[in-house]
Amino acid sequence: MGLEIAVRFGKPPLQSDVEAELQSVEGMRPNGSRGFRWESDELEGFFTIDFVAPEKQKKKKPKAAGLDVRVPWGGPSEEITLLIQVIESLAGKGWDMSATSPSLEGELRESFLPIESGWRRANVEALIGFANQDEMSIRHRRERFDDADPARVEVLDATRMSVESDQRVIYQGNCAMRVAQAFQRCGEHRLAIVTAHRVIQILPDESFAHILLGISFGALGDSETAIKCYRKAIDVNPEGQNVDYAKAMIESLGGTA
């Protein structure tokens, strides 16, 4: 599961008015007939916003009773910051709005900032759970999930895959690296280090795992250890695609490759 937020309007506005506000957000795009999705390749972020219709809906000028928002676990904090801005922008239109979520305590009305702390706590807990499993990855998505709504893109926080036995170790390592990156995106670098070490235990020559260690040690201010990690990334795969990045990071930290 991911972060689920139920936004509800006291008096349902025209759906077209809500659509116009959402369409003004960079990265927001239609997601089938049910709503919108926001995507950012730069942040590796995405979430969906689905319209909730009133019990009695008018066909000519449909209204929106609310919005159901879903954010898969493992995203960057910038993603949640933007989502809060979107919700507050809607509230700024004068619509009577409330927001509830299983990850939050009580109903939000005057301020939606608590969404960030609720997301962070639940997100880290979910990532720790993923880090302790062998067959789960995060932040997958699939196109055209609903045949009756072919433009729909469904976002998934987790997907279980069938993996051949001879590829299972590599798959487990790739999953763990994705979790380590997710920890990094939400600022949990110590947990990222623990997860990246798990990768190295099963795949000692995986250069990107050493890169991840370098990133987190650098973020924690331990430049000496970060340089060692980047050098190790080069040593285990001198011809690999991570070499140039590792050398650049070593130089940025005052070392020599």
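Shortest non-hydrogen contact noted between Glu39 and Phe46 is CG-CB, 4.0 Å. Here the closest heavy-atom approach between residue Gly75 and residue Cys186 is recorded as O-CB, 4.4 Å. When all heavy atoms of Ala180 and Thr195 are compared, the pair lying nearest together is N-CG2, 3.9 Å.
Note: the hydrophobic cluster containing Phe51 does not contain Val153 (ILVMFWY, side chain heavy atoms under 4.5 Å, direct or indirect links). Grouping the Ile, Leu, Val, Met, Phe, Trp and Tyr side chains by contacts below 4.5 angstrom, directly or via other members, places Trp119 with Ile128. Residues Val236 and Leu203 do not share a hydrophobic cluster, defined by chaining ILVMFWY side chains whose heavy atoms lie under 4.5 Å apart. By the criterion of side-chain heavy atoms lying less than 4.5 angstrom apart, applied directly or through intervening Ile, Leu, Val, Met, Phe, Trp or Tyr residues, Val52 is not grouped with Val86; the two fall into different hydrophobic clusters. Val179 and Ile215 sit in two unconnected hydrophobic clusters of ILVMFWY residues. Membership requires side-chain heavy atoms under 4.5 Å apart, directly or through other members.
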Quick one, Asp96 with Phe9, criterion side-chain contact (heavy atoms from CB on, under 4.5 Å). Give me CA distance, side-chain angles, the key distance, then yes/no.
CA-CA 6 Å; Asp96 177 24; Phe9 298 107; over 6 Å; no
Evaluate Arg37 against Arg29 for side-chain contact (heavy atoms from CB on, under 4.5 Å), listing each step before the verdict.
CA-CA 6 Å; Arg37 72 179 183 275; Arg29 60 199 68 185; 3.6 Å; yes
Verdict with reasoning, Thr48 to Asn31, per side chain to side chain donor-acceptor pair (under 3.5 Å)
CA-CA 8 Å; Thr48 58; Asn31 196 27; 5.3 Å; no
Does Leu113 form a side-chain contact (heavy atoms from CB on, under 4.5 Å) with Glu88? I'd like the steps, not just the answer.
CA-CA 9 Å; Leu113 292 177; Glu88 290 185 336; 4.1 Å; yes
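Taking a 6.0 Å sphere around CD of Glu224, one finds it holds 12 or fewer heavy atoms contributed by other residues, nucleotides or ligands. The neighbour count for Asp166 CG, taken as heavy atoms of other residues, nucleotides or ligands under 6.0 Å away, is above 12.
For the salt bridge (Lys or Arg N to Asp or Glu O under 4.0 Å) criterion with Glu44, the lone passing option out of Arg178, Arg139, Arg185 is Arg185.
Between the Asn237 side chain and the Ala233 main chain, no donor and acceptor come within less than 3.5 Å of each other. Remark: the backbone N or O of Ala196 is not paired with any side-chain donor or acceptor of His210 at under 3.5 angstrom. When atom types are taken as modelled, the side chain of Gln57 and the backbone of Lys63 share a donor-acceptor pair closer than 3.5 angstrom. In this structure a side-chain-to-backbone donor-acceptor pair under 3.5 Å is present from Gln184 to Leu212.
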Please table the atom pairs, donor to acceptor, closer than 3.5 Å between any side-chain atom in residues 244-257 and protein atoms at least two apart or in another chain.
{"from": "Ser252", "atom 1": "OG", "to": "Met249", "atom 2": "O", "distance (Å)": "2.7"}

I'd like a table of donor-acceptor pairs (distance under 3.5 Å, sequence neighbours excluded) in which one partner is a side-chain atom from residues 64-74, with atom names and distances.
{"from": "Asp68", "atom 1": "OD1", "to": "Arg8", "atom 2": "NH1", "distance (Å)": "3.1"}
{"from": "Asp68", "atom 1": "OD1", "to": "Arg8", "atom 2": "NH2", "distance (Å)": "2.9"}
{"from": "Arg70", "atom 1": "NH1", "to": "Val155", "atom 2": "O", "distance (Å)": "3.2"}
{"from": "Arg70", "atom 1": "NH2", "to": "Asp157", "atom 2": "OD2", "distance (Å)": "2.8"}
{"from": "Trp73", "atom 1": "NE1", "to": "Met1", "atom 2": "O", "distance (Å)": "2.1"}

Please tabulate, for side-chain N and O atoms in residues 98-107, each donor-acceptor pair with protein atoms closer than 3.5 Å (sequence neighbours left out).
{"from": "Ser101", "atom 1": "OG", "to": "Glu4", "atom 2": "O", "distance (Å)": "2.6"}
{"from": "Ser101", "atom 1": "OG", "to": "Ser103", "atom 2": "N", "distance (Å)": "3.1"}
{"from": "Glu107", "atom 1": "OE1", "to": "Arg109", "atom 2": "NE", "distance (Å)": "3.0"}

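Residues Arg152 and Asp50 are paired through a salt bridge, judged by an N-O separation under 4.0 Å between the basic side chain and the carboxylate.
Within the 4.5 Å cutoff, side-chain heavy atoms of Leu83 are placed close to those of Ile5. The closest side-chain heavy-atom distance from Leu90 to Trp95 is below 4.5 Å. Between Leu191 and Leu127, the closest side-chain pair of non-hydrogen atoms is not below 4.5 Å.
Expressed to the nearest 0.5 Å, how far CG of Leu82 lies from CD of Gln85 amounts to 6.0 Å. Taking CD of Gln172 as the start and CZ of Arg168 as the end, the distance is 6.5 Å to the nearest 0.5 Å. Here the CZ-CZ distance, from Phe36 to Arg34, works out to 14.0 Å after rounding to the nearest 0.5 Å. Distance check, rounded to the nearest 0.5 Å: CD of Glu21 to CE of Met28 gives 9.5 Å. Met177 contributes atom CE, which lies 7.0 Å from atom CZ of Phe208 (distance to the nearest 0.5 angstrom). Of the inter-residue distances, the one linking Ile80 atom CD1 with Asn123 atom CG reads 7.5 Å to the nearest 0.5 angstrom.
For the ring pair (Phe, Tyr, Trp, His ring centres under 6.0 Å) test, no residue two or more places apart in sequence or in another chain qualifies with Phe183.
Listed by first and then second residue, the salt bridge (Lys or Arg N to Asp or Glu O under 4.0 Å) pairs that reach into residues 188-202 are Arg120-Glu188, Asp134-Arg198, sequence neighbours excluded.
No side-chain donor-acceptor contact under 3.5 Å links Glu79 and Ser40.
In the hydrophobic clustering, where aliphatic and aromatic side chains (Ile, Leu, Val, Met, Phe, Trp, Tyr) are joined below 4.5 Å either directly or transitively, Leu213 groups with Ile193, Ile200, Phe217, Leu220.
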